[in-house]
Protein chains: 2
Amino acid sequence: MADVARLAGVSSQTVSRVANGQSGVVESTREQVLAAMRELGYRPNSAARSLRYGRFNTIGVILFGLASTGNSRTVEAIATHAAAEGYAITLIPVGMPTQDNVLGAFTRMGELAVDGVILIIEVHLLDSTAVFLPPGVHVVVVDSDAGDRYPVVDTDQADGARQAVRHLLGLGHRTVHHLAGPAESFAAERRAGAWRSALEEAGRVVPAVERGDWSADSGYRAGLRLAADPACTAIFTANDQMALGVLRALHESGRAVPADVSVVGFDDIADASAYLPPLTTVHQDFAEVGRRCVRLLLDQIHDEPSTPGTDLVPTRLILRSSTAPPPAVLPPPAV
Amino acid sequence: MADVARLAGVSSQTVSRVANGQSGVVESTREQVLAAMRELGYRPNSAARSLRYGRFNTIGVILFGLASTGNSRTVEAIATHAAAEGYAITLIPVGMPTQDNVLGAFTRMGELAVDGVILIIEVHLLDSTAVFLPPGVHVVVVDSDAGDRYPVVDTDQADGARQAVRHLLGLGHRTVHHLAGPAESFAAERRAGAWRSALEEAGRVVPAVERGDWSADSGYRAGLRLAADPACTAIFTANDQMALGVLRALHESGRAVPADVSVVGFDDIADASAYLPPLTTVHQDFAEVGRRCVRLLLDQIHDEPSTPGTDLVPTRLILRSSTAPPPAVLPPPAV
DNA sequence: CGCGAAATTGTTAACGTAAACATCGGTAGA
DNA sequence: TCTACCGATGTTTACGTTAACAATTTCGCG
């Protein structure tokens, strides 16, 4: 900057004014400065800027992985909306969701050039006692039940699961089986809980829960077990990928979808419409989740009061071709 | 920091030494300082650090979206390996891959707190004249043909496509149809080019190329067209998601996979093993791509000479159940 | 017990930027 | 013609940190 000032024959303050587009610089001077900037390839040093302003214009995102569709789409939305507000995104990946790692991430984050943090945490860790966030760090949490302590943005998991169950019961199914996600997952627990209560409200039998790990392969294995049960005519899976595995298992077991068994997924990933058959599923609006995260966090950073509480993004059921009324003649129950 | 120094009764320099774990601080002093840090909730200001050191310990990643499996997995690997080296990742999303946007990203990047940049660009933009990177910025490019000007890391697209074609020809298919990705995509072009030359080398007819946009739905539409051609017994799709759509189209058209038609995908995404049937596909090692990107970039940052050239990550064909010899009796060729 | 070397701690300055204030020149109005 | 004011530009300072050097203390050894 000093070099630019020297070359342009002005003071560094004037260069600063030009760089920030402030008024009060006469046109001829401005152009001299701009020319000098170009000639020297001047680019402002953002570390110095951050130091001066006390802000980084950066949001940190702590997460366990981008592998899941939901995470990567949420992060993308966060990045897009943050960019629109002039904020960059710093990714802070945490290997395993152990407490140590999360704490380590928080510690590192303290040293990081970040004005606030969005926590995409997925598992029951914030519940535990020892996890504390450095005071003075602005935080928004995605997909957790820490709503009593932090602002939380979440998909309305429960309502989505309820819609799925009611749809299947409305088609005439006696009950609905559930293939849940891992027990540590908060989202999985919410979906399973809502499935259970929806069945109970309707006075139906609640079958034993199957569990997978979100992967299509785990869905396949669970699907083979479910397919072996002739009374199983409707399956609600906790995500679309497991539904894909279930579809394969049912197909290989000779049970037609939707004629013999109906399947409903969760997420509405892009591929779901190309499954065999195209999957009826609960649509999650990841982009909206990301949008709200950014807004909530920026509100905090801009000194709005931080309001703990959960901001629920609605879900909706997308009807495709994987559900139908149960077979008119049920297979004879095992004696 | 000054407050900490005052409370601990030492100079700020000693606080700095403790904060950085330098030797030459007597144990009792160190503990006093640490206690003061805790009491005041001191966290070092990384902007000041960056300013002092002239480094940010941050890598920028410019990309067009995390939607594609490949991108998000590459980014995840980049983030993980960068973290292991003490670097954070800043995401710089670019809305549309227009030249203006890319230039804008570069400009913003100049102002960004970043020591180097990994460019995941996907389309033929670096070829064009006007795109220039700010001098002095370290760059590694993924998935491009700018190997003459920048260090490039790429999957060995060509070899993967060759493996797919040879596998199908080896099964006895007369030729192989190809469902390509969008023409703007560099990866799509490389795969299509290798498919074509592999067929030519074998002296086979090169059918007209179908094109999709990577999505399963576009694969479905192209699949319907291919299914209508009775001479089509083998299809190589440029990614797995389009293969999913093709599988659905073939199924709906009454053509069995692999009995009537063989299908090979590209990517080996997690779901591919749960398709109907499980998909034979070319495995891409995204994690390795990310790893090499980070290493190449850090080498540059640490003053190793920057070597333009392309670093190819090998691919391998994963055999599953979607390929088989062509039907013994071919349908009569159209006269 | 005294001297020099080594260990520990303190002081100064600089990284690049921008806010706050100071200065300079010109212009309008009396 | 002089004064007051305004707009353009320059000067000073501070942001929080750490390298380099300076000062002080401690310790070993003759």
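Just so it is clear: chains get the letters A, B, ... in the order the sequence lines come, proteins before strands, and each one is counted from 1.
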Base, sugar-phosphate, or nothing for [X], non-hydrogen atoms under 4.0 angstrom?
X: A/T29; result: sugar-phosphate
X: A/V15; result: nothing
X: B/S50; result: nothing
X: A/E27; result: nothing

Specify the separation, in whole Å, of atom [atom1] of [X] and atom [atom2] of [N].
X: A/R55; N: D/dG16; atom1: CZ; atom2: P; value: 15 Å
X: A/R43; N: C/dG16; atom1: CZ; atom2: C1'; value: 14 Å
X: A/N45; N: C/dG16; atom1: CG; atom2: C1'; value: 6 Å
X: A/Q22; N: D/dT9; atom1: CD; atom2: P; value: 13 Å
X: A/R6; N: C/dG16; atom1: CZ; atom2: P; value: 12 Å
X: A/R30; N: D/dA8; atom1: CZ; atom2: C1'; value: 12 Å
X: A/N57; N: C/dA18; atom1: CG; atom2: P; value: 12 Å
X: B/Q32; N: C/dT9; atom1: CD; atom2: C1'; value: 13 Å

Selection from [options] that lies nearest to any side-chain heavy atom of [X]:
X: B/S11; options: C/dA18, C/dT11, D/dG10; answer: C/dT11
X: A/A48; options: C/dT17, C/dG10, D/dT11; answer: C/dT17
X: B/Y53; options: C/dG16, D/dT9, D/dA19; answer: D/dA19
X: B/L51; options: C/dC15, D/dT9, C/dT8; answer: C/dC15
X: A/R17; options: D/dC15, C/dC15, D/dT9; answer: D/dT9
X: B/Q13; options: C/dG10, C/dT17, C/dA19; answer: C/dG10
X: B/R49; options: C/dG16, D/dG10, D/dT18; answer: D/dT18

Query raised in the report: When you match A/Y42 and B/S12 each to their closest nucleotide on DNA chain C, which lands nearer the 5' end?
Result: B/S12
Report summary line: Assign each of B/V26 and B/R52 the nucleotide of DNA chain C bearing its closest heavy atom; nearer the 5' end lies the nucleotide of B/V26
Query - side-chain contact (heavy atoms from CB on, under 4.5 Å) evaluation trace for B/V140 with B/V152 - result: CA-CA 6 Å; B/V140 170; B/V152 170; over 6 Å; no
Query raised in the report: At what distance, to the nearest 0.5 angstrom, does CG of A/L91 lie from CD1 of A/I59?
Result: 12.5 Å
Requested in this report: For the residue pair B/N57 and B/E85, confirm or rule out a side-chain donor-acceptor distance under 3.5 Å.
Outcome: no
Query raised in the report: Under the 6.0 Å and 45° cation-pi test, does B/R49 pair with B/Y53?
Result: no
Query raised in the report: Of all heavy-atom pairs between B/T155 and B/R190, which one has the smallest distance, and what is that distance?
Result: O-NH2, 4.3 Å
Query raised in the report: So B/W214 and B/S185, side-chain contact (heavy atoms from CB on, under 4.5 Å) or not? Walk me through it.
Result: CA-CA 10 Å; B/W214 298 127; B/S185 159; 3.4 Å; yes
